[in-house]
Amino acid sequence: MKNVILISTLFVLVLLSGCRKENEKPKVIYDAKSKVIAKIIVDTTQMEIADLPVQMIGTNYLIHPVADLNIYGKNVKTSYESTSSVNDMSFKISNYSDNEITGYLRNLNFQKVGSDSIKPLSDKPVLIQTATYLRSVSDKVKQQIMVYTLVDMDTNKDGKLDINDIKSIYLSEISGERFTKISIDFQELIDWNLIESRNSLYFRTIEDTNKNGKFDKNDSIHYHFVDLSNKEWKVSDYNPI
């Protein structure tokens, strides 16, 4: 009897697993020209707020994280949720530690110390997950550089930017100027690493080479680096395999 129950349970689990895989939405939906054409639907019911500003050590700029309040409502649990709340709703939209801001942010606004002028990082819709100041190499490369991981395209065509879309990597100056994408469109960022001895930022991406809308073992992984001592931030490819 126990064996029958065990077999039945395993059958149900396999069936449910298969259903989940069938229901999984692809991360990229292509049109006839293999390009993504999707309009972001703006939810006018959302309330945009900013956290208190952050100043990276050794820099002359304040950074104001900006996000939608309802992402962090009392019924939504995220790794960035704060215990600071009013009427059971969290008003904390980001965390800051070790020269890095994390969250699900709609923008970052930059303000030079001593100035009242505030400038947004991006003039297009984005969803910023991390913003990291490369403090350890700033003196050597004579540039104060930020690196971002974010979503910048609605690749699954659901009308919004979220973690189900392709993640990209960008650089900017500490002022938010020269906001530059260094990964290739439709290639998913895997990870990045700063090699201080070479003053270089290394990163990996994966390309949906079989155009099935998903990233798997049948796709191609690409390896890149940027020499941060070069003012142009030129992306170079390399092959470690």
When hydrophobic residues are tied together by side-chain contacts of less than 4.5 Å, even through go-betweens, does [X] share a cluster with [Y]?
{"X": "Tyr133", "Y": "Ile63", "result": "yes"}
{"X": "Leu161", "Y": "Ile169", "result": "no"}
{"X": "Leu194", "Y": "Tyr202", "result": "no"}
{"X": "Phe110", "Y": "Val54", "result": "yes"}
{"X": "Trp192", "Y": "Val151", "result": "no"}

Given side chain to side chain contact (heavy atoms under 4.5 Å, CB included), test Asp208 with Tyr30 step by step and report yes or no. CA-CA 11 Å; Asp208 179 25; Tyr30 300 96; 2.8 Å; yes
Look at the side chain of Asp51 and the backbone N and O of Ile93, then say whether any donor-acceptor pair between them is shorter than 3.5 Å. yes
Look at the side chain of Glu188 and the backbone N and O of Lys167, then say whether any donor-acceptor pair between them is shorter than 3.5 Å. yes
Looking only at heavy atoms, which two atoms of [X] and [Y] are closest? And how far apart?
{"X": "Ser220", "Y": "Thr209", "value": "OG-CG2, 3.2 Å"}
{"X": "Ile118", "Y": "Asn109", "value": "CG2-CB, 3.4 Å"}
{"X": "Gln111", "Y": "Ser117", "value": "CG-O, 3.5 Å"}
{"X": "Ser200", "Y": "Phe225", "value": "OG-CD1, 4.2 Å"}
{"X": "Gly176", "Y": "Leu121", "value": "O-CD1, 3.6 Å"}
{"X": "Asn156", "Y": "Pro26", "value": "CB-O, 3.5 Å"}

Going from [atom1] on [X] to [atom2] on [Y], what distance comes out if it is rounded to the nearest 0.5 angstrom?
{"X": "Ser138", "Y": "Leu228", "atom1": "OG", "atom2": "CG", "value": "11.0 Å"}
{"X": "Ile241", "Y": "Asn239", "atom1": "CD1", "atom2": "CG", "value": "6.5 Å"}
{"X": "Arg178", "Y": "Gln143", "atom1": "CZ", "atom2": "CD", "value": "5.5 Å"}
{"X": "Gln55", "Y": "Leu62", "atom1": "CD", "atom2": "CG", "value": "5.5 Å"}
{"X": "Gln129", "Y": "Tyr148", "atom1": "CD", "atom2": "OH", "value": "14.5 Å"}
{"X": "Ile206", "Y": "Asp216", "atom1": "CD1", "atom2": "CG", "value": "7.0 Å"}

Measuring only between side-chain heavy atoms, which start at C-beta, is [X] closer than 4.5 Å to [Y]?
{"X": "Met146", "Y": "Tyr61", "result": "no"}
{"X": "Gln144", "Y": "Met56", "result": "no"}
{"X": "His224", "Y": "Thr205", "result": "yes"}
{"X": "Lys160", "Y": "Asp154", "result": "no"}
{"X": "Pro240", "Y": "Tyr238", "result": "yes"}
{"X": "Ile182", "Y": "Phe203", "result": "yes"}
{"X": "Asp219", "Y": "Glu207", "result": "no"}
{"X": "Leu171", "Y": "Val147", "result": "yes"}

[X] atom [atom1], neighbour heavy-atom count above 12 within 6.0 Å:
{"X": "Arg198", "atom1": "CZ", "answer": "no"}
{"X": "Lys112", "atom1": "NZ", "answer": "no"}
{"X": "Asp98", "atom1": "CG", "answer": "no"}

Quick one: do Thr130 and Ile128 satisfy side chain to side chain contact (heavy atoms under 4.5 Å, CB included)? Show the steps, please. CA-CA 6 Å; Thr130 64; Ile128 302 168; over 6 Å; no
Member of Leu69, Asp68, Val66 meeting the side chain to side chain contact (heavy atoms under 4.5 Å, CB included) criterion with Ile49: Leu69
Quick one: do Ser229 and Val141 satisfy side chain to side chain contact (heavy atoms under 4.5 Å, CB included)? Show the steps, please. CA-CA 5 Å; Ser229 61; Val141 302; 4.2 Å; yes
Pair Arg106 + Glu48: basic N to acidic O under 4.0 Å: no
Show the numbers, then the answer: is there a side-chain hydrogen bond (donor to acceptor under 3.5 Å, both in side chains) between Tyr170 and Asp152? CA-CA 10 Å; Tyr170 279 70; Asp152 63 354; 2.6 Å; yes
